[in-house]
Structure formats: C-alpha cells, structure tokens
Number of protein chains: 2
Amino acid sequence: MKGANNKKFIPNLSYDCVIFGFNGEKLKILILEYHNTGLFALPGGYIKKEESLQEAVNKGVEERTGLKDVFLDQFQTFGKLNRTDPDATRSILQAKNKDLNEKQWMMERFITVGHYALINYENVNPKPDNLSDSIAWYDIKNVPQLMMDHNEIVDKALEVLRNNISEKLIGMNLLPAKFTMKQLQQVFEAILDETLRRTSFQRKMLSMDILERHEKLFEGKAHKAPYLYSFK
Amino acid sequence: MKGANNKKFIPNLSYDCVIFGFNGEKLKILILEYHNTGLFALPGGYIKKEESLQEAVNKGVEERTGLKDVFLDQFQTFGKLNRTDPDATRSILQAKNKDLNEKQWMMERFITVGHYALINYENVNPKPDNLSDSIAWYDIKNVPQLMMDHNEIVDKALEVLRNNISEKLIGMNLLPAKFTMKQLQQVFEAILDETLRRTSFQRKMLSMDILERHEKLFEGKAHKAPYLYSFK
DNA sequence: TTCTTATTGTCTCACATTATAACAATATTC
DNA sequence: GAATATTGTTATAATGTGAGACAATAAGAA
C-alpha cells in the first residue's frame, strides 16, 4: 500500500538547487544537514503533478531562504542509473520516525534537474526542511562531503556560473542594489577564484556600459570615497 | 487497466533530440512526420526504469540515424505544465490503430530533457520511428511548425550550439575526418548564420593549435589546391 | 590649518590581438 | 605560356589588455 505522496508528485524526478550567496568577501552555498545521520545534501525536492518544474524550484528556494523571485538558472539534469542512494534516504527517514511504507516511492531511482540560485546574502534567514536539523552557509572552497552525487552537482554549478559571469544578472543578484567597484570586483574574484587587476577590471566594467554611477559612499575611512554604482 | 509499457518507462519524463547535420553547405536537422496527422516533431522517446538518461538518448539517436557514439549535449529540461498535448498524442496513436487504453500513460503531462546531437551528414540513412511515416532533413532556417514546444526546443538548441561553437568537438562531429579550411569555415558560417572573413578565420583556427595539416586536396579546379586538415 | 595615509579614478605606455587589405603561390584551362 | 580562380601568407592599421604611474580626496594626526 502506498501513501498519498505517491499520487501528489511526479515519480522518479526531483530537483536540486545550489544556492549561492556572497557575504562581501567569499562565495558561499547553502547546505542541509539531516537529523542524526551525519548526512549533508543540497536543498531540493519533488515536482507536484500539477505544477511546472520552475514553480516547484521557486517554491523550494523560497521555503529555504524566505526570498521570492530569486534568480534561478537550470544548468543540467543528472540521470545516471545509480546516482541515488536508497539506504541513505531510508536512514534519513528513519531518523525522523517516518513511516517507511508510505515513503517507499522516495527510495526509487531518481533523475534530478540541477539548478543554481543567486541571492543577496544580507537579509536571508535560511530555514531547514522537515527532515533536516540545520541549513548553513559553507564557503564554496570548503564544501563537506555530500550525499549521492551532490558534490558533482555543486562542481558543475560553479563551472556554469564561471562561464556565465560576464552576464550582468550574475553580479546583480549577489550584490545590493548599489555597490562599489571594489565590491563588484570581489564578487568576480570569489566566483573565478583568482585575483583581478583593479585598473583593468574597472576599465572593462565601465566600457561595457551596464553600470550607472551614483553618489559617493562615505565610509568614514581616511581615503578617497568610492562611487556607488548600480546595474542599468 | 494499464499496459506493460506503463511499468517499463519512467512516467512523465521524456527526452527530445535536435539532430544537427551539415551537408557541406547548410545546417540541417532531422524531423519526423507522423502518419496521417500532418504533425511534425523532434526525435525523442522515454527512459526505461533500468537505464540511464544518457543510455536512453544514445539508443534513440542510434535508432534514427544508425550511428553509435554520436556527440550529444544535454542543454535544457523543459518542464512547463502545459507543454504537452494529449489530443495530438491521441491522434497520432489513433492514426496507427494503437490501443489507447494501453497507451494512456502517454497522454499524461511530460517533462522533457532536451539534447542536441552532431552527426556527419554523409553516410546517414535516417529511419522513422514506429509512429511516423518519414524522417527528413530540414534546413535550420526552414523548420516547419512542430508539435507542442518543439520549435522552442530547436531554437534553444541552436542558441546553445552557437555559444559552444569554439569547442573543437563541434566542427569535428559535423565534418568528415579530413576537410579543407573552407569547409570548416562553412560550418561556422552555417551555425552562426553570418559570413566570416577568410584570412582572420584561417589565422584564428591555425593559432588555436587544434588542427593537423595533411596533403593537399586536388579537386581538378583551376586554382591553387587547398590543404586538408583534421582535428588533433 | 597643514601634513599624512589609504584608497580611488584616470592616464600612459608597451604589448598582444584582431580587422582589413594586399600580395604571392599554384592547379587547371585556354 | 598566359589567364583564371582560389588559397596561403604577409603587411598595416585599429582595437583591446596588462602593468604601472600619478593625481585626487576623505579622514586622522600633528
């Protein structure tokens, strides 16, 4: 006998999301830790039969971050036969005293659609899902071992993010509305994991004609105040 | 009562494939026409429960083209709620006198994983699938109206192909093993849909250090014979 | 007030890359 | 052997980028 959830979701299909944030210095991602199992995983979920894939992912990201209308990019679907791990799923469910019979469908083979999200780190208060104890920011250079193929998903997300860095939407979604040239450069450096030349970077950004210059930012520091910029 | 197929495949999930070929002049794709319906569609299919996504797509492309180990790139998963069209599917099945009861699962909502393939146009003899009358090459600039969201899938495939054109694998899979610089340029021009400067193109290709120069090709024309190249 | 300090905005110069044009090389035909 | 069409290479100008220098300036110190 299978439970109600079996009718609610599309079987054998899930989504996972690498949620990137920038704390002003380093690039981070959100990772869940499941109750009493020592298992870490990406935020993710299932797609209801009467909702679009994008709706499902949007809703999932909103539940973890509280943010609506987040920048989302779907980058790859992972469909290896043995990518999922029924034993791990079972222990996660057992640790929460779930009825395994009702959750039998979760132990089947799953194909997952990988997404990444870019969010403004500032006013986010991440919330764990109903199977996990905690959700926390991890430095992208210090991601723990994750369940199943989730490390591979993170690596691919970062690769795609690096390839798309020239799009203004990337920076726009990791920074506040107004930012200094230095902050923008720090975002690029965090994503690319390399230091950039200040003068070349500034010249390039200005020549792209995507920035609007605003008033100066007086930080109370003993040096010339930088201009604030926003994306056009 | 549902038929055997319902147990064989992952429900609600399919793949579609934009199969690109280059006839020496123009970029083309393979399109199926279903029996007695006037409906056109991309080659595609379903994923068996005990095979990987990639295996399924490889097998599907092999069935249509006879070619094994084709270059395949998975570029996007399409998950809108109403992207599929049960009425169209029904009429395709009816035109082939299929038992609709047994094929009920095919009328459900489907999420599809979009791929594109690059194949050497020369020695391919495309074969229609068991629901279609014909499979034929269509100029990429002259694609007919397709079922469901398949035109959108084609557009996206072309966009991704253009973005990936600098990878040597692109040209390698659309040309014979040995080719002239002019042929290579024609592939680029067909994909990008713009004319390129001969000298710049040649210098760029040679500087990338991906080509090996072989003997000259004597075509019996009244001008200097071009060198043949292959990818390293 | 004036000087110092740290950082920013801009400029310069050298160098690399690319666009554009010109020219030389060469299979074949006449 | 000259004419023709196309290819391979070189020359020159325009553009883009790396590296450094320098001037501007907000705040603190003298």
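Please read all numbers here as calculations on a predicted model, not as lab measurements. Numbered from 1 within each chain, the chains take letters A, B, ... in sequence-line order. Only this structure's heavy atoms are used, side chains among them; waters, hydrogens and symmetry mates stay out.
Across all strands, A:K216 comes closer than 4.0 Å only to sugar-phosphate atoms, never to a base (heavy-atom distances). Using a 4.0 Å heavy-atom distance criterion, B:T199 is classed as a base contact.
In this structure, the ring of B:F179 has its center less than 6.0 angstrom from the ring center of B:F231.
Protein atom CE of B:M181 is 9 Å distant from nucleotide atom P of D:dT9, rounded to whole Å. Summarising the geometry, the separation between CZ on A:F201 and P on C:dG9 is reported as 12 Å, rounded to the nearest angstrom. Going from atom CG of A:L184 over to atom P of C:dT8 covers 13 Å, rounded to whole Å. The distance from atom OH of A:Y229 to atom P of C:dT8 is 11 Å, rounded to the nearest whole Å. With rounding to whole Å, A:H214 atom NE2 is found 17 Å from C:dG9 atom C1'. The CD atom of A:Q185 sits 12 Å away from the C1' atom of C:dT8 (whole-angstrom rounding). Taking atom CD on A:Q202 and atom C1' on D:dG20, their separation rounds to 15 Å, with Å as the unit. As rounded to whole Å, 20 Å separates atom C1' of C:dC11 from atom NZ of A:K204.
Between A:S200 and A:F218, the residue anchored nearer the 5' end of DNA chain D, judged by the nucleotide with its closest heavy atom, is A:S200. The residue among B:A225 and A:R198 whose nearest nucleotide of DNA chain C lies closer to the 5′ end is A:R198. Nearest-nucleotide positions on DNA chain D place B:L228 closer to the 5' end than the other of A:H223 and B:L228.
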Checklist entry - Between B:E159 and B:K156, is a salt bridge (charged side-chain N to carboxylate O under 4.0 Å, His left out) present by the stated rule, with each step listed? => result CA-CA 5 Å; B:E159 184 189 326; B:K156 188 72 193 174; 3.5 Å; yes
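Between B:R83 and B:E152 no salt bridge is recorded (no basic side-chain N to carboxylate O distance below 4.0 Å).
At least one side-chain heavy atom of B:L161 sits under 4.5 Å from a side-chain heavy atom of B:Y116.
Taking only side-chain atoms of A:L206, from C-beta outward, the nucleotide of D:dA26, D:dG8, C:dT10 with the closest atom is C:dT10. Which of C:dA6, D:dT7, D:dT9 sits closest to the side chain of B:K224 comes down to D:dT7.
Between A:R197 and D:dG18 there is no side-chain N or O to OP1 or OP2 distance below 4.0 Å.
Scanning all heavy atoms of the two residues, the minimum distance from B:R162 to B:I191 falls at NE-O, 2.7 Å.
Interface remark: the A:R203 side chain does form a donor-acceptor pair with the D:dG18 base, using a distance-only criterion of under 3.5 Å.
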